[in-house]
J.: 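Starting off with a structure, shown below.
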Amino acid sequence: MALLGFQSSRRAFPYLLTILFLSCGQIHRASSVLLSGLKNHHGNHHQRKPLVHPNQTTCALFMGAWVRDDSYPVYQSSACPIVDPQFNCQMYGRPDSDYLKLRWQPANCELPRFDGLQFLSKMRGKTVMFVGDSLGRNQWESLICMISAGVSRSATQVMRGDPLSTFKFLADIKMYELLGGDECVRRWDYMESGGSFYQDMDRLVALERGLRTWARWVDANVDYSRTRVFFQSISPTHYNPGAWNGGAVTKSCYGETVPTSGTTYPGIYPDQMQVVQEVINEMNTPTFLLDITTLSAMRKDAHPSIYSGDLSPEQRANPDHSADCSHWCLPGLPDTWNQLFYTALFF
């Protein structure tokens, strides 16, 4: 998903909150870990159980189960115009809605309900930045919708760009600024390490080296007295039904309407997470790992599948080849990611 952080504004605008999204969508899949959270890779990984997260104390935020809650969702996509067609499943014909009524329940505590007004109040004069690819945009839009649901009369300003998009919640004061950025990382033909060039490299080795480069940059450039850093773990895909259903004959998440039951996922916990945890544990800058991998892996029902505005009628008629089983519907799972971010930030 995304790397998130916030810092106080350099000028005194007590009623301003800016939410930025820096797109690294041009990055090669294997290098997207440099500036973002991690997509799962299709490949052979060893079986590994999730580790107990180092920043969990009395509340195991990331261990639990999905439970039905009829007070959900916290917003409607029709009331949040920033939702991209790619994620707007209800608009593009998804016939079921039970996936909208699920709440994450940690095993030994209660999550506070997201309060958009409180978020805006506590974050006055600050900036939240997401660095990521299209999954980062998925979560960026979710957070904007969740805040907007609690402060529907707040004036806003949005600037869509490539690679930088900006959304501002404005109240008594309006501020206009031009924000820009260069393309994050270009697709590679070669990889360089220690002065040597490689056409290919073991992906876990490349991941570790990339993450350590990112960690050194954060340690050298981020003032953690003014900025908090969050690193979100792997957002899983569901292109292989055999991972949760041994007798599956389909080739995608199409037709899935319920999450996996219980408190564990029968699939494989990605080896990349071991690398992520080791690198973050060795950083000088305090970095909170939002370990959403397992709870997201349970949500095989939460993808756009064929109900995406990015697909043609011909593509929708062929779900085994066209279903989107990597992004997530909005409202939907990214709202829980943001609820966990909200909890880690304020509680």
J.: Identify the two heavy atoms, one from Leu102 and one from Asp301, that lie closest to each other, and give their separation to 0.1 Å.
T.: CD1-OD2, 3.9 Å
J.: Verify, without hydrogens or angle tests, whether Thr237 (side chain) and Ser326 (backbone) share a donor-acceptor contact under 3.5 angstrom.
T.: no
J.: Measure the spacing between CG of Asn318 and CG of Asp320 and express it to the nearest 0.5 Å.
T.: 6.5 Å
J.: Shared ILVMFWY cluster between Val74 and Leu143, side chains joined below 4.5 angstrom?
T.: yes
J.: What do you reckon, is OH of Tyr72 surrounded by more than 12 foreign heavy atoms closer than 6.0 Å?
T.: yes
J.: Nearest heavy-atom pair of Lys101 and Pro73: which atoms, and what distance?
T.: NZ-CD, 4.2 Å
J.: Do you know the tightest heavy-atom contact between Leu290 and Phe62?
T.: CA-CZ, 3.9 Å
J.: Look at Arg137 together with Asp84 and state whether they make a salt bridge at an N to O cut-off of under 4.0 Å.
T.: yes
J.: Do Met146 and Leu100 sit in one hydrophobic cluster, given that two such residues count as connected whenever their side-chain heavy atoms are within less than 4.5 Å of each other, even indirectly?
T.: no
J.: Give a yes or no answer on whether the side chain of Arg94 reaches the backbone of Pro304 with a donor-acceptor pair at less than 3.5 Å.
T.: no
J.: From Leu295 CG over to Thr293 OG1, what is the distance, rounded to the nearest 0.5 angstrom?
T.: 8.0 Å
J.: Does the side chain of Ser77 pick up a donor-acceptor pair with the side chain of Asn88 at under 3.5 Å?
T.: yes
J.: Report the C-alpha distance between Asp324 and Tyr239 in whole Å, list the side-chain angles of each, state the deciding distance to 0.1 Å, and finish with yes or no for side chain to side chain contact (heavy atoms under 4.5 Å, CB included).
T.: CA-CA 9 Å; Asp324 181 352; Tyr239 287 103; 4.0 Å; yes
J.: Within the 4.5 Å heavy-atom criterion, are Val229 and Pro286 side-chain neighbours or not?
T.: no
J.: Treating Asp335 as the side-chain partner and Gly332 as the backbone partner, does any N or O pair qualify as donor plus acceptor under 3.5 Å?
T.: yes
J.: Going by ring-ring contact (aromatic ring centres under 6.0 Å, His included), name the pairs with one or both residues in residues 79-102, residues two or more places apart or in two chains.
T.: Phe87-His327
J.: When you measure from the side chain of Gln105 to the backbone of Cys109, do you find a donor-acceptor pair of N or O atoms at a distance under 3.5 Å?
T.: yes
J.: Can you check whether Leu330 reaches Glu141 side chain to side chain, under 4.5 Å on heavy atoms?
T.: yes
J.: Scan side-chain atoms only and decide if Arg113 and Gln339 contain a donor-acceptor pair under the 3.5 Å cut-off.
T.: no
J.: Can a donor-acceptor pair be found, under 3.5 Å and without considering hydrogens, that links the side chain of Glu282 to the backbone of Val279?
T.: no
J.: To the nearest 0.5 angstrom, please state how far the OG atom of Ser296 sits from the CD atom of Gln232.
T.: 7.0 Å
J.: Just by modelled atom types, is the Ser165 backbone N or O under 3.5 Å from a matching donor or acceptor in the Arg160 side chain?
T.: no
J.: I'd like to check Val205 versus Glu208 (side-chain heavy atoms, cut-off strictly below 4.5 Å). Are they in contact?
T.: no
J.: Nearest 0.5 angstrom please: Phe288 CZ to Arg228 CZ, how far?
T.: 8.0 Å
J.: Determine yes or no for a side-chain-to-main-chain donor-acceptor pair under 3.5 angstrom, with Ser121 supplying the side chain and Leu117 the backbone.
T.: no
J.: Counting C-beta onward and ignoring hydrogens, is there a side-chain heavy-atom pair between Ile147 and Phe169 closer than 4.5 Å?
T.: yes
J.: If we count only N and O atoms by modelled type, under 3.5 Å, do the side chains of Thr257 and Asp96 hold a donor and an acceptor together?
T.: no
J.: Could you tell me which non-hydrogen atom of Ala60 sits nearest to which non-hydrogen atom of Asn108, and how far apart they are?
T.: N-OD1, 3.1 Å
J.: Taking a hydrophobic cluster as the set of Ile, Leu, Val, Met, Phe, Trp and Tyr residues connected by side-chain heavy atoms closer than 4.5 Å, whether directly or through intermediates, do Phe114 and Phe130 fall within one such cluster?
T.: yes
J.: Taking the side chain as every heavy atom from C-beta outward, state whether Met201 and Arg209 have any atom pair closer than 4.5 Å.
T.: yes
J.: Any chance you could lay out the side chain to side chain contact (heavy atoms under 4.5 Å, CB included) test for Asp98 and Arg68, step after step, and finish with the verdict?
T.: CA-CA 8 Å; Asp98 283 353; Arg68 185 177 176 89; 3.4 Å; yes
J.: Once you round to the nearest 0.5 Å, how far does SG of Cys145 lie from CD1 of Ile82?
T.: 7.0 Å
J.: Give me the atom names and distance for the closest heavy-atom approach of Val275 to Leu204.
T.: CG2-CD2, 4.3 Å
J.: Does a donor on one side chain sit under 3.5 Å from an acceptor on the other, for Asp310 and Ser308?
T.: no
J.: Can any side-chain N or O of Lys300 pair as donor or acceptor with the backbone N or O of Val258 at less than 3.5 Å?
T.: yes
J.: Would you call Arg203 and Asp271 a salt bridge, using N to O less than 4.0 angstrom?
T.: no
J.: Looking at Glu278, Gln277, Gln272, which hits side chain to side chain donor-acceptor pair (under 3.5 Å) with Gln274?
T.: Glu278
J.: Please name the pair of heavy atoms, one in Met63 and one in Trp104, separated by the smallest distance, quoted to 0.1 Å.
T.: C-CZ2, 3.6 Å
J.: Donor-acceptor pair, Asn338 side chain versus Phe341 backbone, under 3.5 Å?
T.: no
J.: With rounding to the nearest 0.5 Å, note down the distance linking OG in Ser97 to CD in Gln90.
T.: 6.0 Å
J.: Does Tyr254 reach the side chain of Pro241, with side-chain heavy atoms less than 4.5 Å apart?
T.: no
J.: If we only count heavy atoms from C-beta on, is the Leu289 to Met273 side-chain gap below 4.5 Å?
T.: yes
J.: Should we count CE of Met91 as having more than 12 external heavy atoms under 6.0 Å?
T.: no
J.: Test side chain to side chain contact (heavy atoms under 4.5 Å, CB included) on Ile292 and Ile234 and set out the steps.
T.: CA-CA 7 Å; Ile292 53 83; Ile234 297 162; over 6 Å; no
J.: For a side chain to side chain contact (heavy atoms under 4.5 Å, CB included) check, start with the C-alpha distance between Asp291 and Ser233, then their side-chain angles and the critical distance, and finish with the verdict.
T.: CA-CA 5 Å; Asp291 190 0; Ser233 65; 3.3 Å; yes
J.: Just checking, is any N or O donor in the side chain of Tyr224 or Asn284 under 3.5 Å from an acceptor N or O on the other one?
T.: no
J.: Begin with the C-alpha distance, continue with both residues' side-chain angles, and end with the deciding distance and a verdict on ring pair (Phe, Tyr, Trp, His ring centres under 6.0 Å) for Phe231 and Trp214.
T.: CA-CA 11 Å; Phe231 191 97; Trp214 167 80; 5.1 Å; yes
J.: Compare all side-chain heavy atoms of Leu111 with those of Leu340 and state whether any distance is below 4.5 angstrom.
T.: yes
J.: Taking the cut-offs as 6.0 angstrom to the six-membered ring centre and 45 degrees off its axis, would you call Arg103 and Trp66 a cation-pi pair?
T.: no
J.: Who are the ring pair (Phe, Tyr, Trp, His ring centres under 6.0 Å) partners of Phe347, not counting sequence neighbours?
T.: Tyr342
J.: Under a plain distance cut-off of 3.5 Å, with no hydrogens placed, do Trp337 and Ser235 share a side-chain donor-acceptor pair?
T.: no
